[in-house]
Amino acid sequence: MSSPPSDPAGAASVRTRFLPTIGGPYFALAVLFGLNLLNYIDRYSFFAVGTQIKDEYDIDDFWYSVLGVAFMVVYTVVSPVIGWMGDRYNRRVLLAGGVGLWSLATVGTAFSLDFNHMFFWRALLGVGEASYGVIAPTLLADLFPVKQRGRAMGIYYLALPLGGALGYGLGSWIGEELGWQKAFLIVGAPGLLAAFLALVIQDPGRGTSEGGHATEKADRPGLRDYLRLFTIPTYVFNTAGMAAVTFATGAYAVHGANFYQIVRGMTMTEAGVSIGGLTALAGLLGIALGTFLADFSLRVTRRA
């Protein structure tokens, strides 16, 4: 009996045989974009039907906010753990598992019998989305060289405003026509099928797009490597900036549609379509501009 391969190339070939690869980098980008689109449709559908959920469980804005915070707190706590696992285990399996888990949590939300049940499903959603949200960008970074990476990331993140717009629009329309439970069933179910595609996309190995070889066990980072990230100003400032953006947009995402209905007297569909349109327009403009400037500035400085 032959011993299992210990070198990076041999280990990678074992993974390929275990999980066959379909397509190349652009197929993987298309799959990751589609999954990210479903991700944000799932997430923002919850906010679109907020007034119905508040009426169903007889809760005020504070406790409705708690449901939103349940997702974000779990997402924040789990993300570093997923990052650690992504440096050590098969990323396609982690990716597919995250997609399947967030879709299961979305469907499960439809069957919540009380506030506590919904709190559980919203917290579980954070685990699933952290699994996907941490792994997918690292795959893209390894699939595309530096000169193409900005555009690839831009395409991937276009799913944020488009998914947010669809989540608000579809969620509010389905909620108003069929009830909030049906909204979660309809938007969550496709993700369970899409999780399969995450298992078969290409994973070239960690670090290959930087001109090196795929890293395996010998190159796995330790605690000192992770802590060193906090000595890199660019990393710290970008992380702080992203936290600030999430703080502002997160509050608007949770309460924006409710505000339009309660204060401005809009119907659920009108509020969802309005906030969805704003999300799509601003997001598409911002991502397109940011992607173009990053790639253009790369000609002048690597700090782009």
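Position 1 is the first residue of the sequence; numbering continues from there.
- In this structure, the side chain of N238 engages the main chain of T234 through a donor-acceptor pair within 3.5 Å.
- Proximity of L38 to V99: side-chain heavy atoms (C-beta onward) are nowhere separated by under 4.5 Å.
- Although no hydrogens or angles enter the test, the distance criterion places a donor-acceptor pair under 3.5 Å between the side chain of S131 and the main chain of V127.
- Residue F296 qualifies as open at atom CZ: its count of foreign heavy atoms under 6.0 Å is 12 or below.
- Checked by atom type and distance alone, the side chain of Q261 never pairs as donor or acceptor with a backbone atom of M266 at under 3.5 Å.
- Residue I41 is grouped with residue L162 when hydrophobic side chains (ILVMFWY) are merged at heavy-atom distances under 4.5 angstrom, including chains of intermediate members.
- Nearest heavy-atom pair across A271 and A257 is CB-O, 3.8 Å.
- In this structure, V49 and A183 approach most closely via the heavy-atom pair CG1-CB, 4.5 Å.
- Annotation: cation-pi pair R264/F259 absent, no NZ/CZ under 6.0 Å from the ring centroid and within 45° of its normal.
- Surrounding OH of Y252 are more than 12 heavy atoms belonging to other residues, nucleotides or ligands, all under 6.0 Å away.
- The nearest pair of heavy atoms linking I201 to A198 is CG1-O, 3.6 Å.
- Between the S79 side chain and the T76 main chain, no donor and acceptor come within less than 3.5 Å of each other.
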Side chain to side chain contact (heavy atoms under 4.5 Å, CB included) between L67 and F46, worked out:
CA-CA 10 Å; L67 292 175; F46 174 77; 3.8 Å; yes
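- Between Y57 and I53 the shortest side-chain heavy-atom distance falls below 4.5 Å.
- Residue L95 is tested with L199, N90, V31, L32 for a side-chain contact (heavy atoms from CB on, under 4.5 Å); the sole match is L32.
- Hydrophobic clustering (side-chain heavy atoms under 4.5 Å, transitive across Ile, Leu, Val, Met, Phe, Trp, Tyr) groups L278 together with Y40.
- Smallest separation of non-hydrogen atoms from A195 and G100: CB-N, 3.9 Å.
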For the pair T51 and Y260, evaluate side chain to side chain contact (heavy atoms under 4.5 Å, CB included) and give the outcome as yes or no after the intermediate values.
CA-CA 11 Å; T51 53; Y260 287 146; over 6 Å; no
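- Contact detail for P137 and Y157: the closest heavy-atom pair is CG-OH, 3.6 Å.
- Between S45 and L170, the closest side-chain pair of non-hydrogen atoms is not below 4.5 Å.
- Of the possible donor and acceptor atoms, none in the side chain of E177 sits under 3.5 Å from a partner among the backbone N and O of I174.
- Between F119 and F71, the ring center distance fails the sub-6.0 Å criterion.
- A 4.5 Å side-chain heavy-atom check between L125 and R122 finds at least one atom pair inside the cut-off.
- Annotation: side chain of L143 is not in contact with side chain of L29 (no heavy-atom distance under 4.5 Å).
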Please evaluate residues F62 and V66 with respect to the criterion side chain to side chain contact (heavy atoms under 4.5 Å, CB included), reporting the C-alpha separation (whole Å), side-chain torsions for both, the decisive distance (0.1 Å), and the verdict.
CA-CA 6 Å; F62 172 81; V66 168; 3.9 Å; yes
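- Between Y132 and Y156, the angle of the ring planes lies from 30° to 60°, which puts this pair in the tilted group.
- Looking only at distances, a side-chain donor or acceptor of T109 sits under 3.5 Å from a matching main-chain atom of A105.
- Counting heavy atoms from C-beta outward, T269 and V273 have side chains that approach closer than 4.5 Å.
- Contact annotation: the side chain of F144 never approaches that of M153 to less than 4.5 Å [non-hydrogen atoms, C-beta and beyond].
- Side-chain atoms of W102 and N39 include no donor-acceptor pair closer than 3.5 Å.
- Proximity of L139 to Q202: side-chain heavy atoms (C-beta onward) are nowhere separated by under 4.5 Å.
- Under a 4.0 Å N-O distance rule, the pair D203/R92 does not qualify as a salt bridge.
- Y44 and V74 are assigned to two separate hydrophobic clusters, defined by single-linkage of ILVMFWY side chains at heavy-atom distances under 4.5 Å.
- Among all heavy-atom pairs drawn from F184 and A110, the shortest one is CB-CB, 3.9 Å.
- Side-chain atoms of H255 and S65 form a donor-acceptor pair, as typed in the model, at a separation below 3.5 Å.
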